[in-house]
Each structure stands twice: as structure tokens, then as C-alpha cells.
Amino acid sequence: MALYSIGGVRPVRDIPVPSGDSRSRLVDSFGRRLTYLRVSVTDRCNLRCLYCLPAEAHFPFGDRDFLSPAEFEETVGTLVDMGIQRVRLTGGEPLVRRDILEIVERLRRLPGLEDLALSTNGTELPRLAGPLRDAGIDRVNVSVDTLDGERFHQITRRDDLEKVWRGVEAALEVGLDPVKLNCVLLADHEPEDLDRLVELTLARPLAVRFIEMMPTASNEHLQAGQFRSCDWLRERIEARHGALEAADPPFRTGPAKSLRVAGARGTVGFITPLSHTFCKDCNRLRLTARGELRLCLFADRTYPLRPLLGDSAALEAEIERVLADKPEEHMLTAGDYGNLASFMQIGG
Ligand code: SAM
């Protein structure tokens with residue numbers, strides 16, 4: 001485990017997240033109601049983002065090792081019965097799963113599920129935006145760390161920026177609204193690159209969110225550099241555009257505050273797991289592609305649910321039992337990232 005230098009930024013616990021709904025039976029030992037589930041449908045990815053996984057990453061598992069669409073339906077269905085209201089599909093890259101549309105169709109039918117969203121790197125969106133909307137996806141987040149092709153190649157080790165951008169346009173065209181763009185803040189990000197992402201929001205209805213890079217075992221090579229906090233970026237944006245205004249969140253399930261440059265059509269948001277932690281209001285659980293429950297992104301263990309499929313009483317009892325282990329907060333600022341080797345294991 002590496003010690004992560006956060007460059008003198010002191011974590012502040014001040015970000016309110018929407019509180020869970022009182023109908024949820026999923027309550028942890030700290031009284032937090034859990035209503036949001038992130039579901040990884042695969043570990044596999046077609047990009048190799050340098051903060052996420054190594055260039056030589058290989059994937060020993062295929063779709064058949066992961067839960068089938070019917071198994072996702074059963075597991076997520078049980079969690080929805082118990083109180084989950086919003087689900088986000090993630091990965092790996094969820095759109096490399098051949099049966100992704102069947103997974104979406106099955107989850108869409110779950111009574112009680114209010115919102116079904118997807119995080120993607122966008123490379124398959126030109127082909128899949130329409131079918132995903134028809135299958136029941138409400139909204140997409142697209143990861144795009146730069147609008148510069150060369151820099152995109154340096155970060156993702158692939159040349160797919162043009163495809164990703166066509167994917168963003170396709171998502172907007174078919175009405176997957178709002179489209180959010182996620183950019184991980186890297187220590188060596190050219191500030192002008194970040195400026196261009198902010199400028200996108202001036203004329204277009206996009207929600208651009210900046211995420212502080214979280215340390216994991218596979219990005220130790222990036223951890224020695226000077227940490228870029230969202231506070232640094234916000235100061236830069238405000239120096240260029242004036243004070244950011246509060247904006248109505250386009251759709252809020254998580255910890256990003258919605259802001260806008262005065263007069264802009266789109267919004268800007270900051271996700272600050274290191275500089276301003278938001279664990280106190282955590283409302284989320286995670287399910288891995290192999291059917292394990294993860295209680296905190298940075299926890300040091302997971303709980304297998306797959307062996308309990310077919311026995312709904314046992315499945316519910318196990319979920320209720322393990323909830324007691326959900327930690328009060330992560331220990332990232334102390335350099336402890338649990339057993340998380342890479343975000344591709346669980347999808348952020
Ligand atoms: N492939 C999909 C995508 O690109 O959105 C879903 C999986 S990806 C792991 C989910 C999100 O986690 C992306 O926005 C990615 O940029 C972010 N991410 C990956 N590693 C990260 C890290 N070390 N710190 C912060 N965010 C990270």
C-alpha cells in the first residue's frame with residue numbers, strides 16, 4: 001500500500017448527499033439508508049487509462065464468468081425489493097458485454113427501480129446509444145479526460161477520441177438526458193485542456209464533472225506527483241469566468257454539487273473524495289460482475305452473493321447481515337485503499 005501525498009489538502013467533511021428514502025430496509029450501523037447501487041457487469045475494458053489499469057492488463061475472465069442477465073436480474077431485484085431505488089451499470093466497460101441490452105431490459109422491468117443509468121467510456125455509444133435508450137437506460141455518464149487527440153492517446157493508450165465524441169453526440173441525439181462527462185484530474189493535466197472541457201458547457205447542455213484521482217494499487221506510478229484538487233480547478237475556472245453559480249442539478253444521485261458559469265447552458269461539478277469527503281452521507285452499495293457485494297469502494301473485502309441465488313430468503317438475510325460491516329468512512333487520505341487493485345474491478 002502506498003502513501004498518497006495529497007499535497008497539504010486537508011479533507012473537509014462538508015458535502016451533503018441526498019439522503020436515502022425512508023422506505024429502504026437497507027440501513028447500516030451508522031443509520032445511513034442505502035438506495036443507490038452501482039453494478040459492474042464486466043471487468044473487461046477496451047481502453048487502458050493510465051490511472052485505472054496497466055498497459056499490459058489482461059483479462060482472464062469472460063462474460064460466462066460473470067453473472068448472467070438472469071442472475072443480475074435476481075440479485076439486483078432482491079436489492080431493489082429491499083430499498084435500492086437507483087442503479088448505475090458500470091465496469092470495466094459495460095458496453096463490451098455482448099448481452100448488455102438484455103441486462104438493461106431485465107433490470108428495467110424491476111418494479112420499484114426509479115432510475116437506470118450507465119457509465120461508459122463512450123467508444124461503443126455511436127452504435128448503442130439508441131438501442132440502450134430503447135432497452136430502458138435513462139441517462140449516461142461518459143468518461144472523457146481531454147478533448148485533445150494526442151493527449152487522449154497518452155491517457156487511454158488508444159486512439160478513440162473521435163469515436164467517443166460521436167458517442168456523446170449520439171447520446172444527446174437520442175435523448176439520454178442529461179449526458180454527463182467525467183474527467184479525472186491528473187497532476188500533469190494541461191490546465192488549458194481542462195479549460196476546454198469547461199468551455200463545452202457554455203453552449204451545450206452537458207454536465208461536465210471533475211473527479212479527484214483516487215489512489216489504487218495500479219496507479220502508484222502517478223501518486224508521487226503533486227495532487228490536483230478540485231479546489232485548485234474551481235479557483236482557476238472562477239478566475240477565468242467569474243464566480244460559479246449554483247445550478248439545479250440535472251439529476252443528482254451522488255456527491256457532485258451542480259454549478260454553472262453565468263449564462264452557460266451546461267453545468268460543472270466537482271467530485272472530491274480526497275479534499276472534501278462525503279462518506280457521512282454515503283447512500284451506496286456496489287455489486288461486482290461476479291456477484292459479490294462491496295460495501296465501500298475502498299473496503300478490504302467483498303461478500304459473495306452468487307451461491308445464494310435461487311433462495312431469496314437466504315439472499316436477503318445475507319445482505320442484511322453483512323450491512324453491519326459497512327465502514328463509517330474510507331481511509332484514502334491516510335493512503336489506505338483497501339484491496340482495490342484498480343477501478344476496473346468495480347467501476348468507481
Ligand atoms: N468504462 C466505464 C467508464 O469509462 O466510465 C466505467 C468504468 S470506469 C472505472 C468508471 C469511472 O471511474 C470513470 O469515470 C473513470 O474515469 C473513473 N476512474 C477510474 N480510475 C479512477 C481513479 N483512480 N480515480 C478516480 N476516478 C477513476
Side-chain angles (χ1 to χ4, degrees), residues 9 12-19 36 86 88 114-115 117-122 125 129 137-148 151-152 161 164-165 167-186 189-214 228-278 281 283-284 348:
V9 178
V12 190
R13 293 175 180 79
D14 66 352
I15 298 190
V17 173
S19 63
Y36 177 44
R86 301 184 191 115
R88 171 171 299 280
E114 292 169 10
D115 178 55
L118 175 95
S119 286
T120 172
N121 61 33
L125 267 185
I137 284 291
D138 295 309
R139 311 174 291 116
V140 289
N141 288 8
V142 183
S143 302
V144 51
D145 300 317
T146 174
L147 300 175
D148 178 273
R151 181 73 178 138
F152 184 90
L161 179 59
V164 172
W165 197 251
V168 171
E169 299 284 7
L172 285 169
E173 257 161 47
V174 303
L176 287 169
D177 187 30
V179 176
K180 296 185 184 174
L181 303 186
N182 285 347
C183 165
V184 176
L185 271 185
L186 300 172
H189 240 125
E190 292 291 341
E192 295 73 21
D193 236 7
L194 302 168
D195 297 341
R196 280 191 283 274
L197 283 164
V198 173
E199 282 157 17
L200 270 182
T201 67
L202 301 181
R204 310 211 54 183
L206 291 163
V208 175
R209 293 121 46 88
F210 297 96
I211 308 173
E212 289 172 351
M213 190 195 84
M214 292 175 255
R228 280 272 168 81
S229 78
C230 284
D231 289 348
W232 166 85
L233 180 60
R234 182 168 179 169
E235 271 174 34
R236 179 175 173 91
I237 297 172
E238 296 197 323
R240 287 170 52 85
H241 296 283
L244 290 171
E245 299 172 345
D248 284 339
F251 198 99
R252 184 138 177 250
T253 52
K257 225 184 253 171
S258 247
L259 299 163
R260 80 169 78 241
V261 172
R265 279 189 76 195
T267 61
V268 174
F270 301 103
I271 301 180
T272 56
L274 287 143
S275 64
H276 302 255
T277 62
F278 34 80
D281 299 298
N283 62 354
R284 56 184 63 186

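All values below come from the heavy atoms of this structure, side chains included, with hydrogens, waters and symmetry mates left out.
- One distance of note links NZ of K180 with OG1 of T267; it measures 8.0 Å at 0.5 Å rounding.
- Summarising the geometry of L274 relative to M214, their closest heavy-atom pair is CD1-CA, 4.3 Å, with the distance given to 0.1 Å.
- Between R228 and L185, the closest heavy-atom pair is O-CD1, 3.9 Å.
- What you find for V164 and S143 is that their closest heavy atoms are CG1-O, 4.4 Å.
- The side-chain heavy atoms of V142 and L125, taken from C-beta on, include a pair separated by under 4.5 Å.
- Side chains of D115 and R139 form a contact here, defined as non-hydrogen atoms less than 4.5 Å apart.
- Among all heavy-atom pairs drawn from L197 and V208, the shortest one is O-CG2, 3.7 Å.
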*After noting the C-alpha distance and the side-chain angles of F270 and E212, does the key distance pass the side-chain contact (heavy atoms from CB on, under 4.5 Å) rule?*
CA-CA 8 Å; F270 301 103; E212 289 172 351; over 6 Å; no
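- Proximity of L206 to V168: side-chain heavy atoms (C-beta onward) are separated by under 4.5 Å at one or more points.
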Practice item. Step by step, work out the side-chain contact (heavy atoms from CB on, under 4.5 Å) result for D148 and E192. Key: CA-CA 10 Å; D148 178 273; E192 295 73 21; over 6 Å; no
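- Between the CZ atom in R86 and the CG atom in N283 there is a gap of 7.5 Å [rounded to 0.5 Å].
- Of all non-hydrogen atoms in H189 and C183, the two that sit nearest each other are CE1-SG, 3.8 Å.
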- Step by step, would you call I237 with L194 a side-chain contact (heavy atoms from CB on, under 4.5 Å)? CA-CA 9 Å; I237 297 172; L194 302 168; over 6 Å; no
* Applying salt bridge (Lys or Arg N to Asp or Glu O under 4.0 Å), run through E190 and R196 and close with a yes or a no. => CA-CA 10 Å; E190 292 291 341; R196 280 191 283 274; over 6 Å; no
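- Taking the side chain as every heavy atom from C-beta outward, R236 and D195 approach each other to under 4.5 Å.
- Looking at R234 and D231, no side-chain N of the basic residue comes within less than 4.0 Å of a carboxylate O on the acidic one, giving no salt bridge.
- The shortest side-chain heavy-atom distance between V261 and L244 falls under the 4.5 Å cut-off.
- Side chains of R88 and S119: a donor on one and an acceptor on the other come within 3.5 Å.
- Among I271, V198, N182, V184, the single residue meeting the side-chain contact (heavy atoms from CB on, under 4.5 Å) criterion with F210 is V198.
- A 4.5 Å side-chain heavy-atom check between L181 and R204 finds every atom pair outside the cut-off.
- Interatomic distance, L172 CG to D177 CG, rounded to the nearest 0.5 Å: 8.0 Å.
- Across D193 and L147, no two heavy atoms sit closer than the pair OD1-N, 4.4 Å.
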